[in-house]
Amino acid sequence: MNTVNAYAAFKAKDPLKPYQIQRRNPGPHDVVIDIHYCGVCHSDVHQARNEWGQSKFPMVPGHEIAGVVSKIGSAVSRYKVGDKVGVGCFVDSCRECHSCKQGLEQYCEKGLHLTYNSVEKDGKTPTYGGYSTQIVVDENYVVKLPDNLPMEKVAPLMCAGITTFSPLRHWKIKPGDKVAVVGLGGLGHMAVKIAAALGAEVSVLSTSNKKKEDALRFGAKHFINTTDEKAFTDYANQFSVIINTAAGKTNLDQYVSLLKLDGTMVMVGLPEEPSTLGAFPLIIKRRSIAGSVIGGIKETQEMLDFCSKHGISADVELIPIEKINEAYDRMVKGDVRYRFVIDIKSLK
Ligand code: NAP
Ligand code: ZN
Ligand code: ZN
């Protein structure tokens, strides 16, 4: 066992504090990763504050991990010491169910082993995330990071990138499709960049007028302020796909009314409070509402290769770990441009 520095939440709503955790000695298939950067996802805030009601404490959050392999187990074949690698939202799965066999580990039928707030494959050892200096992960749940993009800007692709890439691919976005993105935060800004690179005509549906210039810079053609109720009549029946990344409760009837015939709104945001949806806006244009969670390992690697090819990475604000509680508060207020990333040097 190896003792490493970390930051943990000890109780819902209490500030995160320094903590030390044990990382296992590498087994034959494990890689030891020295973490350089870890992105801060709104899911970290939801869980550290127990907004989803299933938090286990102490909790070391962080599932947008970017680092360098420092040691490998005897049977590791995919990675060598010095490789730049990433770890996302899960560190293992059953590997046997229908979903796992198709590379859709995120939908594992026996339950995923999440990177934190979960347990290892033994069913009892708690998992701890990337707000720490080191992590040990089976090589099958690690991906290779591109060389041509800065590592701190790539870290957020491990959740925000794949969570938006996966539905855009699943719903087969192609050049000219009209795609809207609700919420210009960590996930939202990646959705805009990726959808634009797929050739879509992208609109941003935001509550913050101040984000207009950034939205256009990320590749959006249109910026729509949803605090103006008129937006929902002006832009009715327009979009093939809406990716809803809002971290807070939204009026789903209103957003659904923006879909054209056979359009789909994909929910990726996971607000604390449930939203309601009436049948009328769905039936009158054969619209659908769907959900999507992160992406599998193979697809995560494809997303990284796609981002590498198109020069896509996150717009980040690098912070030392001491600023994490302030970052959480700012995120809740929508004051993030567009992903906080922890410089893990500050934990050493
Ligand atoms: P974030 O950076 O805080 O961005 C969320 C954005 O949503 C905000 O910046 C804001 O954008 C908008 N927003 C917030 N409250 C809203 C409300 N009540 N109505 C309309 N818009 C609202 O968060 P994130 O890290 O992108 O995560 C977004 C959500 O996705 C979180 O709930 C998170 O837990 C979830 N998530 C899901 C998955 C998955 O696999 N499905 C993966 C990661 C995260 P504007 O200022 O532009 O309005
Ligand atoms: Zn996340
Ligand atoms: Zn499985």
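Read the numbers this way: they start at 1 and go in the same order the structure lists the ligands and their atoms.
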Exercise for review: Provide the number and element of each atom of ligand 1 under 4.0 Å from a heavy atom of Ile294.
Suggested key: 39 (C), 40 (O)

Review point. To which of Val45, Asp44, Leu187 does the heavy atom nearest atom 26 (O) of ligand 1 belong?
Key: Leu187

Practice item. Quick one: look up the protein heavy atom nearest atom 37 (C) of ligand 1 and list residue, atom name and how far away it is. Key: Val268 O, 2.8 Å

Review point. Any idea which heavy atoms bring Phe239 and Ser203 closest together, and the distance?
Key: CE2-OG, 3.4 Å

**Study point:** Heavy-atom neighbours of Lys260 NZ exceed 12 at 6.0 Å
**Key:** no

Review point. Which residue supplies the protein heavy atom nearest to atom 4 (O) of ligand 1, what is that atom called, and how far is it?
Key: Gly185 CA, 3.3 Å

Practice item. Could you check atom 20 (C) of ligand 1 against the protein and tell me its nearest heavy-atom contact, residue, atom and distance included? Key: Thr250 CG2, 3.4 Å

**Study point:** Atoms in ligand 1 with a heavy atom of Gly269 nearer than 4.0 Å
**Key:** 29 (C), 30 (O), 32 (O), 35 (C)

Check your understanding: Nearest to atom 32 (O) of ligand 1 by heavy atom, His46, Arg339, Gln47, His42: which?
Key -> His46

Study note, to complete from the structure: A student checking ligand 1 against Gly183 at a 4.0 Å heavy-atom cut-off should list atoms 7 (O), 11 (O), 12 (C), 47 (O)

Review point. Using heavy atoms and a threshold below 4.0 Å, how should the contact between Cys159 and ligand 1 be classified: side chain, backbone, both, or neither?
Key: side chain

Review point. If the Zn ion (ligand 3) is the vertex, what is the angle to SG of Cys100 and SG of Cys97, rounded to 10 degrees?
Key: 110°

Review point. Which of the atoms in ligand 1, numbered in the order shown and given with their element, are less than 4.0 Å from a heavy-atom of Thr207?
Key: 20 (C), 45 (P), 46 (O), 47 (O), 48 (O)

Check your understanding: With a 4.5 Å limit on heavy-atom distance, are the side chains of Phe218 and Asp315 in contact?
Key -> yes

Check your understanding: For ligand 1, is there an N or O atom under 3.5 Å from any N or O atom of Ser208?
Key -> yes

**Study point:** Close side-chain approach of Ile297 and Val143, heavy atoms under 4.5 Å
**Key:** yes

Review point. Going by an N to O cut-off under 4.0 Å, is there a salt bridge joining Glu51 and Lys13?
Key: no

Review point. Going by the order shown, which atoms of ligand 1 are within less than 4.0 Å of some heavy atom of Lys249?
Key: 17 (C), 18 (N), 19 (N)

**Study point:** Under 4.0 Å to a heavy atom of Gly186 - the qualifying atoms of ligand 1, by number
**Key:** 1 (P), 2 (O), 4 (O), 26 (O)

Practice item. Output yes when Lys298 and Glu105 qualify as a salt bridge under the 4.0 Å nitrogen-oxygen rule, no when they do not. Key: no

Exercise for review: Measure from atom 39 (C) of ligand 1 to every heavy atom in Val40, Thr245, Thr163, Leu184 and give the option owning the shortest one.
Suggested key: Thr163

Review point. Using the benzene-type ring in the case of Trp, are the ring centres of His63 and Tyr116 under 6.0 Å apart?
Key: yes

Check your understanding: Is there a donor in the side chain of Thr125 and an acceptor in the side chain of Arg24, or the other way round, less than 3.5 Å apart?
Key -> no

Check your understanding: What part of Ser292 sits under 4.0 Å from ligand 1 if we count only heavy atoms: the side chain, the backbone, both or neither?
Key -> backbone

Check your understanding: Does the separation of the ring centres of Tyr7 and Tyr19 fall below 6.0 angstrom?
Key -> no

Review point. How far is atom 16 (C) of ligand 1 from its nearest protein heavy atom, and which residue and atom is that?
Key: Gly248 N, 3.7 Å

Exercise for review: May I ask you to list the atoms of ligand 1 that are less than 4.0 angstrom from any heavy atom of Ala246?
Suggested key: 7 (O), 20 (C), 21 (N), 22 (C)

Review point. Looking only at distance, does Val293 have an N or O less than 3.5 Å from an N or O of ligand 1?
Key: no

**Study point:** Under 4.0 Å to a heavy atom of Ser206 - the qualifying atoms of ligand 1, by number
**Key:** 45 (P), 46 (O), 47 (O), 48 (O)

Exercise for review: Compute the angle centred on the Zn ion (ligand 2) spanning NE2 of His63 and SG of Cys159, and express it rounded to 10 degrees.
Suggested key: 110°

Review point. Quick one: do the Asp214 and Tyr338 side chains pair a donor with an acceptor below 3.5 Å?
Key: yes

Practice item. Using atom types as modelled and distance alone, determine if a side-chain donor or acceptor of Ser346 lies under 3.5 Å from a backbone N or O of Asp343. Key: yes

**Study point:** Val336-ligand 1 polar pair, N/O distance under 3.5 Å
**Key:** no

Check your understanding: Do the side chains of Thr133 and Ile35 get nearer than 4.5 Å, heavy atoms only?
Key -> no

Check your understanding: Mind checking whether Tyr338 has an N or O less than 3.5 Å away from an N or O of ligand 1?
Key -> no

Point to revise | Pair Asn148, Ser308: side-chain N/O donor-acceptor within cut-off below 3.5 Å | key: yes

Check your understanding: Side chain, backbone, both or neither: which part of Trp52 comes within less than 4.0 Å of ligand 1 when only heavy atoms are counted?
Key -> side chain

Point to revise | Protein heavy atom at shortest distance from atom 33 (C) of ligand 1 | key: Ser43 OG, 3.4 Å

Study note, to complete from the structure: the protein heavy atom lying closest to atom 9 (O) of ligand 1 turns out to be Lys211 NZ, 3.2 Å

Exercise for review: Would you check whether Leu205 has a nitrogen or oxygen atom less than 3.5 angstrom from a nitrogen or oxygen atom of ligand 1?
Suggested key: no

Exercise for review: For residues Arg23 and Ile135, determine if any side-chain heavy atom of one lies less than 4.5 Å from a side-chain heavy atom of the other.
Suggested key: yes

Review point. What's the verdict on salt bridge (charged side-chain N to carboxylate O under 4.0 Å, His left out) for Arg49 and Glu272, showing C-alpha distance, side-chain angles and the deciding distance?
Key: CA-CA 10 Å; Arg49 297 184 172 179; Glu272 181 177 6; over 6 Å; no

Review point. Is there a path from Leu318 to Met190 through hydrophobic residues (I, L, V, M, F, W, Y) whose side chains come within less than 4.5 Å of each other?
Key: yes

**Study point:** Any N, O or S atom of His98 closer than 2.8 Å to the Zn ion (ligand 3)
**Key:** no

